[in-house]
Number of protein chains: 2
Amino acid sequence: MAELEKGPTGRRRGRGARERILGASQQLFREQGINRTGMDQLCAAAQVSKRTAYQHFTGKDELVAEYLRRFDPSVLSDVFDRTDLTPRERLLAAFDVPPNAPLCPFIAAAVELHDPEHPGSRYAREYKMAVAARLADTAREAGATDPEQLGEQLALLIDGAAARTRVLDADAFPTAAAIAAVLIDNAIPAAVGDDHPREAVSS
Amino acid sequence: MAELEKGPTGRRRGRGARERILGASQQLFREQGINRTGMDQLCAAAQVSKRTAYQHFTGKDELVAEYLRRFDPSVLSDVFDRTDLTPRERLLAAFDVPPNAPLCPFIAAAVELHDPEHPGSRYAREYKMAVAARLADTAREAGATDPEQLGEQLALLIDGAAARTRVLDADAFPTAAAIAAVLIDNAIPAAVGDDHPREAVSS
DNA sequence: CGGTAGGCACACAGATCGGTGTACATAACA
DNA sequence: TGTTATGTACACCGATCTGTGTGCCTACCG
């Protein structure tokens with residue numbers, strides 16, 4: 001008999017509570033923001049009693065931090081681990097956000113939490129730095145002269161596109177991708193021209 | 001006798017209430033964020049009774065919108081109206097934010113208010129579009145081949161620097177300025193080399 | 001002098017917030 | 001069988017939020 005399904009009165013044992021809470025967080029925090037989502041509403045959406053939620057997380061702060069940690073796989077790995085693309089294509093693929101824009105939750109969290117020492121803010125910082133680092137790694141792989149600089153530049157473009165998309169309510173990633181293409185071509189000495197080769201600046 | 005100073009019991013008549021409220025908003029909304037600043041605290045900081053505040057503004061929403069409208073002079077005009085700079089220098093001057101980073105309140109407002117139809121969000125959008133337009137104007141003045149595109153690109157860089165500065169707690173504007181310099185040089189056909197001339201892409 | 005407008009102090013309403021306390025029910029394990 | 005986790009339902013706490021209602025007070029103006 002299924003041991004992780006509900007009993008007659010509404011039990012859902014078997015390790016599912018945490019996951020449901022975090023799943024509801026993913027949806028509600030992103031749709032409504034962190035501060036505008038109360039624990040009552042969140043627990044109702046997760047079909048979890050509030051008491052249980054506070055047995056899994058010491059407080060909302062910890063829940064928020066955990067919620068942010070659930071973005072790594074879909075954002076970092078999916079883009080950088082593709083072996084079917086050249087390094088240069090991988091750098092550009094970071095700007096191909098699907099139309100249903102997830103709209104970077106880390107910037108939102110940093111603004112909403114507003115305390116740089118909040119665990120969520122800390123993790124947002126770590127994440128952004130990790131993205132820049134991975135971009136730099138890929139830039140190095142692509143043969144950029146200054147990979148760290150290019151990585152930081154591309155990271156800034158991504159954040160700019162995210163922020164601008166949020167404020168203007170219009171997709172700004174194509175613009176960012178266009179800038180990225182220019183920067184990448186300028187940063188790679190012997191440009192393996194993909195579509196429009198351009199001579200690099202002569203020292 | 002001064003007619004806009006306080007009386008013995010704490011009166012401060014003479015047209016000063018609105019200004020003090022908005023002044024306190026400037027400080028508190030920026031330091032603490034909009035949602036984390038209650039009307040009680042704000043009125044106390046403005047030395048204004050809560051009753052008076054709600055006679056000047058129909059609600060917090062209107063106050064927030066008014067608060068955002070007080071940024072124009074210091075951000076838009078100061079940079080673009082400088083006649084002692086060449087158009088190209090003016091474009092780059094937009095990235096010279098003073099060390100005491102004001103840290104773009106429009107992005108913060110768009111995130112915190114979270115409702116695109118909130119008057120504050122509306123104005124944030126208008127403002128960002130106005131900045132891009134002024135950048136485009138200056139780009140046209142500088143002789144860019146596609147001023148609108150360059151304006152949008154530079155606006156994205158500014159937003160990216162602001163967002164990244166906020167998340168990482170480290171000044172990202174120099175990086176943005178470096179990218180801007182590249183874009184500007186690439187966008188102006190006959191580059192009037194300021195320090196490191198570079199040949200434009202040959203059609 | 002008296003009227004009026006603008007402001008103050010303060011209590012309060014209603015809602016929502018994060019977080020707990022309590023008593024009860026179920027499943028797994030002994 | 002009984003014990004122990006794990007979870008539920010629900011009331012509740014204190015704090016804080018936006019926003020009002022009320023009464024008084026004082027500066028200005030005629």
Side-chain angles (χ1 to χ4, degrees), chain A residues 1-25 28-29 32-67 112-115 118-120, chain B residues 1-25 28-29 32-67 112-115 118-120:
Chain A
M1 216 160 290
E3 65 268 14
L4 46 77
E5 281 313 315
K6 52 172 293 189
T9 67
R11 275 298 286 301
R12 282 174 195 75
R13 283 285 312 290
R15 186 211 125 268
R18 227 186 221 92
E19 270 62 26
R20 281 207 309 285
I21 295 171
L22 288 169
S25 302
L28 292 177
F29 285 164
Q32 308 180 339
I34 295 172
N35 291 332
R36 301 184 116 74
T37 301
M39 291 298 285
D40 285 311
Q41 182 193 5
L42 197 148
C43 292
Q47 288 179 297
V48 161
S49 83
K50 205 153 62 143
R51 208 70 191 79
T52 302
Y54 278 97
Q55 275 158 2
H56 281 284
F57 304 93
T58 67
K60 194 183 185 184
D61 290 351
E62 183 180 307
L63 173 57
V64 168
E66 267 301 308
Y67 145 77
E112 284 204 89
L113 303 177
H114 208 269
D115 175 12
H118 188 291
Chain B
M1 213 159 293
E3 66 266 14
L4 46 78
E5 282 312 316
K6 52 172 293 190
T9 68
R11 276 297 287 300
R12 281 172 195 78
R13 284 285 311 290
R15 186 210 123 270
R18 225 185 224 94
E19 270 62 26
R20 281 207 310 285
I21 295 171
L22 287 169
S25 303
L28 292 178
F29 285 162
Q32 308 180 338
I34 295 172
N35 291 331
R36 302 184 115 75
T37 302
M39 292 297 285
D40 284 311
Q41 181 192 5
L42 196 149
C43 292
Q47 288 180 295
V48 161
S49 84
K50 205 154 58 145
R51 207 69 193 79
T52 302
Y54 278 98
Q55 275 158 2
H56 281 286
F57 304 94
T58 67
K60 195 183 184 184
D61 290 351
E62 184 179 306
L63 173 58
V64 168
E66 267 302 308
Y67 145 76
E112 284 203 89
L113 303 177
H114 209 268
D115 174 12
H118 187 290

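Convention: sequence-line order gives letters A, B, ...; per-chain numbering from 1.
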Participant: In whole Å, what is the span from the CG atom of Leu28(A) to the P atom of dT16(C)?
Facilitator: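 In whole Å, dT16(C) P lies 16 Å from Leu28(A) CG.
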Participant: Measuring from the side chain of Tyr54(A) (C-beta onward, heavy atoms only), which nucleotide among dG7(D), dT20(C), dT18(D) has the closest atom?
Facilitator: dT20(C)
Participant: To the nearest angstrom, how far is Phe57(B) atom CZ from dG7(C) atom P?
Facilitator: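 These atoms are roughly 11 Å apart.
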Participant: Mind calculating the distance between CE (Met39(B)) and P (dA11(C)) to the nearest angstrom?
Facilitator: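 So the two atoms are 19 Å apart, to the nearest Å.
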Participant: Mind checking Asp40(A) for me? I need base, sugar-phosphate or nothing, with any heavy atom below 4.0 Å counting as a touch.
Facilitator: nothing
Participant: Ignoring backbone atoms, establish whether Ser49(B) has a side-chain N or O less than 4.0 Å from OP1 or OP2 of dG7(C).
Facilitator: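 Result: no.
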Participant: Could you check whether the side chain of Lys60(B) and the base of dG19(D) have a donor-acceptor pair of N or O atoms closer than 3.5 Å, going by distance alone?
Facilitator: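 Answer no: no donor N or O sits under 3.5 Å from an acceptor.
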Participant: Could you check how far CD of Gln55(A) sits from P of dT22(C), rounded to whole Å?
Facilitator: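 Rounded to whole Å, this separation is 14 Å.
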Participant: What contact category does Thr37(B) fall into here, base, sugar-phosphate, or nothing, at under 4.0 angstrom with non-hydrogen atoms?
Facilitator: sugar-phosphate
Participant: For the atom pair CD1 (Ile21(B)) and CD (Glu19(B)), what is the distance rounded to the nearest 0.5 Å?
Facilitator: 9.0 Å
Participant: Expressed as a whole number of angstroms, how long is the span from Leu113(B):CG to dT18(D):P?
Facilitator: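 For the pair Leu113(B) CG and dT18(D) P, the rounded distance is 12 Å.
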Participant: How close or far is atom P of dC8(C) from atom NZ of Lys50(B), stated in whole angstroms?
Facilitator: 14 Å
Participant: Hey, could you give me the CG/NE2 distance between Leu63(A) and His56(A), rounded to the nearest 0.5 Å?
Facilitator: 11.5 Å
Participant: Taking salt bridge (charged side-chain N to carboxylate O under 4.0 Å, His left out) as the test, write out the residues that go with Asp40(B), two or more places apart.
Facilitator: Lys50(B)
Participant: Which one, dG19(D), dG19(C), dG21(D), comes nearest to the side chain of Arg51(B)?
Facilitator: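 Of dG19(D), dG19(C), dG21(D), dG21(D) is nearest to the side chain of Arg51(B).
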Participant: Tell me, do Gln41(B) and Gln32(B) make a side-chain contact under 4.5 Å, heavy atoms counted?
Facilitator: yes
Participant: Quickly work out the Asn35(B) CG to dT16(D) C1' distance and round it to whole Å.
Facilitator: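 Rounded to whole Å, this separation is 13 Å.
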Participant: Round to the nearest Å and state the distance from Glu62(A) atom CD to dG18(C) atom C1'.
Facilitator: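 Taking CD of Glu62(A) and C1' of dG18(C), I get 14 Å after rounding.
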Participant: Do any side-chain nitrogens or oxygens of His56(B) fall under 4.0 Å of OP1 or OP2 in dG6(C)?
Facilitator: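 False: His56(B) side-chain N/O out of range (4.0 Å or more) of dG6(C) OP1/OP2.
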Participant: Between Phe57(A) and Glu62(A), what is the shortest heavy-atom contact and its length?
Facilitator: CA-OE2, 3.7 Å
